[in-house]
Amino acid sequence: MTFERLFSWLLPTYSAPIWSCAVIHFKKTLFLILVALCLTPWVSPAVALLMGLVIAQTIGQPFSQLNSKATGLLLKISVVGLGFGMNMFSALDAGKEGFVFTVFSIFATIGLGLLIGKLLGINDKIVKLISSGTAICGGSAIAAVSPIIRADEKQISVSLGIVFILNSVALFIFPPIGHWLDLSQEQFGLWSAIAIHDTSSVVGAAASYGEKALEIATTVKLARALWIIPLSLIFALVTKGDSGKIKIPYFIGFFILAMVANTYLPPIENVSPFIVTAAKAGLTLTLFLIGAALPIKTIKSVGVRPLLLGVGLWIFISVVSLVVIDNMSL
């Protein structure tokens, strides 16, 4: 029974406009209550994502027009806030550990994606978008590459849908797998940064694993995100696209400044725990909003072959990176 039918049954004597307004008011109120709940320490990132997915399949997102902008802005602010809880030198050490492997994994994933996409006969632009999203940073990479290769709305939606589906799965299964394999904080942080698509799910998974894992995962993932720029330039040259449409992730610079401030300015240490706590709450809310924007119709619209490509690339990067990391001295 839909909420509209439920309210029409509960309010049979009222006119349609009245109960329709009641339904809308109920949806918005419930949604805002869950938003407030996500800002408390009682809701973990995984639970927030699950709540969002349930909302998407039941009442829907009542603020859909604001969701995309709010999610992107909130994620950037939260990531910058996490920088206030990190030491610059330890973060640099973490970044150096994953640099070479990051470069290799990016080009290997994109190369394999282009090959599999051609074999499966998938639209070339969808292949480029899914491969870029898997190799670098999920939705952000897709958003950066799509205007350069002139992808249309359907191609972008399919690619984003696949990335968001796999992100949701990763947030739930990566921490248990890490514990089952007895991965160290350092190993799990590096693995999640390389094998999970979006920054939001990377940070969410790493935060549930431990503070050191969170530090490494965030640093490596943001360093990885900078590869959006050279990849966009390559696609602009190959496809004769518009290099002027390349999006530079400026918020990464603010994240670095936050780390520098936390490392060199002693007064910052007094407030940094509060900033980090607020940033983690913001991240939890971000995952709720991402889940709330993933209805079943989006999942159904992705298509079998593009989904096979996305899953295949994800398994490849997850398994290969795990094997390599397991043999690294971390």
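Along the sequence shown, residues carry numbers from 1.
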Side-chain polar contacts of residues 303-313 - donor-acceptor pairs under 3.5 angstrom, sequence neighbours left out - could you list them?
{"unit_1": "Arg305", "atom_1": "NH1", "unit_2": "Leu120", "atom_2": "O", "d": "2.9"}
{"unit_1": "Arg305", "atom_1": "NH1", "unit_2": "Gly121", "atom_2": "O", "d": "3.4"}

Legend entry - Transitive ILVMFWY cluster of Leu119, excluding itself - 4.5 Å side-chain cut-off: Leu115
Legend entry - More than 12 heavy atoms from other groups under 6.0 Å of CZ on Phe104: no
Inset, instruction - Give a yes or no on this: more than 12 heavy atoms of other residues, nucleotides or ligands lie within 6.0 Å of atom CG of Asn270. - result: yes
Legend entry - Test side chain to side chain donor-acceptor pair (under 3.5 Å) applied to Glu211 - qualifying residues, sequence neighbours left out: Lys280
Legend entry - Atom pair CD1 (Ile106) and CD1 (Ile194), whose distance is rounded to the nearest 0.5 Å: 9.0 Å
Legend entry - 4.5 Å side-chain heavy-atom contact, Lys118 and Leu114: no
Inset, instruction - Report yes if some heavy atom in the side chain of Leu49 is under 4.5 Å from a heavy atom in the side chain of Phe172; otherwise report no. - result: yes
Legend entry - Minimum heavy-atom distance between Ala217 and Val202, given as atom pair plus value: CB-CG1, 3.8 Å
Legend entry - Validation row: Ile290, Asn167 side chains within 4.5 angstrom (heavy atoms): no
Legend entry - Approximate separation, where rounding is to 0.5 Å, of Ile142 CD1 and Ile130 CD1: 7.5 Å
Inset, instruction - Mind checking the CG-OG spacing from Leu265 to Ser272? Nearest 0.5 Å is all I need. - result: 11.0 Å
Inset, instruction - Report yes if the side chains of Cys137 and His197 come closer than 4.5 Å at any heavy-atom pair, otherwise no. - result: no
Inset, instruction - Working to the nearest 0.5 Å, report the span between NZ of Lys212 and CD of Gln187. - result: 13.5 Å
Legend entry - ring pair (Phe, Tyr, Trp, His ring centres under 6.0 Å) between Phe31 and Phe26, worked out: CA-CA 8 Å; Phe31 190 85; Phe26 173 81; over 10 Å; no
Inset, instruction - Measure across Ile136 and Ala225 and return the closest heavy-atom pair with its distance rounded to 0.1 Å. - result: CG2-CA, 3.9 Å
Legend entry - Which atom of Leu129 lies closest to which atom of Ala151, heavy atoms considered: CD1-CB, 3.8 Å
Legend entry - Leu37 backbone acceptor or donor facing Thr40 side chain under 3.5 Å: yes
Inset, instruction - First locate atom CD1 of Ile325, then atom CG of Leu183, and finally report the distance between them rounded to the nearest 0.5 Å. - result: 8.0 Å
Inset, instruction - Mind checking the CD1-CZ spacing from Ile148 to Phe235? Nearest 0.5 Å is all I need. - result: 9.0 Å
Inset, instruction - Apply the test side-chain contact (heavy atoms from CB on, under 4.5 Å) to residues Arg224 and Ser105: give CA-CA distance (whole Å), side-chain angles for both, the deciding distance (0.1 Å), then the verdict. - result: CA-CA 10 Å; Arg224 193 181 185 87; Ser105 64; 3.0 Å; yes
Inset, instruction - List the steps, then state whether side-chain contact (heavy atoms from CB on, under 4.5 Å) holds for Ser78 with Leu82. - result: CA-CA 6 Å; Ser78 299; Leu82 291 175; 5.7 Å; no
Legend entry - Exceeds 12 heavy-atom contacts within 6.0 angstrom, atom CZ of Phe254: no
Inset, instruction - Taking the side chain as every heavy atom from C-beta outward, state whether Phe84 and Val271 have any atom pair closer than 4.5 Å. - result: no
Legend entry - Side-chain (Lys76) to main-chain (Thr71) donor-acceptor, under 3.5 angstrom: no
Legend entry - Considering all heavy atoms, the nearest Ile110-Ala135 contact: CG1-CB, 3.6 Å
Legend entry - Main-chain N/O of Gly189 paired to Ser192 side chain as donor or acceptor, under 3.5 Å: yes
Legend entry - Side-chain heavy atoms of Ser44 within contact of Val47, under 4.5 Å: yes
Inset, instruction - May I ask you to test the Leu287-Ser201 pair for a side-chain heavy-atom distance under 4.5 Å? - result: yes
Legend entry - Asp152 side chain vs Lys154 backbone, donor-acceptor pair below 3.5 Å: yes
Inset, instruction - Find out if a path of hydrophobic residues (ILVMFWY) with successive side-chain heavy-atom gaps under 4.5 Å connects Val43 to Val54. - result: no
Inset, instruction - Would you please classify the geometry between the Phe188 ring and the Tyr209 ring as parallel, tilted or perpendicular, with 30° and 60° separating the classes? - result: parallel
Inset, instruction - Would you list the pairs meeting side-chain hydrogen bond (donor to acceptor under 3.5 Å, both in side chains) in which at least one residue belongs to residues 311-323, sequence neighbours left out? - result: Trp191-Ser321
Legend entry - Derivation of the side-chain contact (heavy atoms from CB on, under 4.5 Å) call for Leu74 and Leu289: CA-CA 10 Å; Leu74 189 58; Leu289 296 176; 4.3 Å; yes
Inset, instruction - Share the residues that join Ile33 in a hydrophobic cluster, the rule being Ile, Leu, Val, Met, Phe, Trp or Tyr side chains under 4.5 Å apart at the heavy-atom level. - result: none
Legend entry - Exam field: side chain Gln57 to backbone Leu294, donor-acceptor pair closer than 3.5 Å: yes
Inset, instruction - For residues Asn123 and Gln155, determine if any side-chain heavy atom of one lies less than 4.5 Å from a side-chain heavy atom of the other. - result: yes
Inset, instruction - Inspect the surroundings of CZ in Phe274 and state if more than 12 heavy atoms from other residues, nucleotides or ligands are less than 6.0 Å away. - result: no
Inset, instruction - Output yes when a side-chain donor or acceptor of Ser208 lies under 3.5 Å from a complementary backbone atom of Ala205, and no otherwise. - result: yes
Inset, instruction - Report yes or no: does Lys125 contribute a side-chain atom to a donor-acceptor pair with the main-chain N or O of Ser146 at less than 3.5 Å? - result: no
Legend entry - Stepwise side-chain contact (heavy atoms from CB on, under 4.5 Å) test for Leu222 and Phe251: CA-CA 10 Å; Leu222 293 183; Phe251 77 98; 3.9 Å; yes
Legend entry - Whichever hydrophobic residues join Ile77 through chains of side-chain contacts under 4.5 Å: Leu73
Legend entry - Minimum-distance pair of heavy atoms, taken over all atoms of Met86 and Leu214: CE-O, 4.0 Å
Inset, instruction - Quick one: closest heavy-atom pair of Gly204 and Leu283, and the distance? - result: N-CD2, 3.7 Å
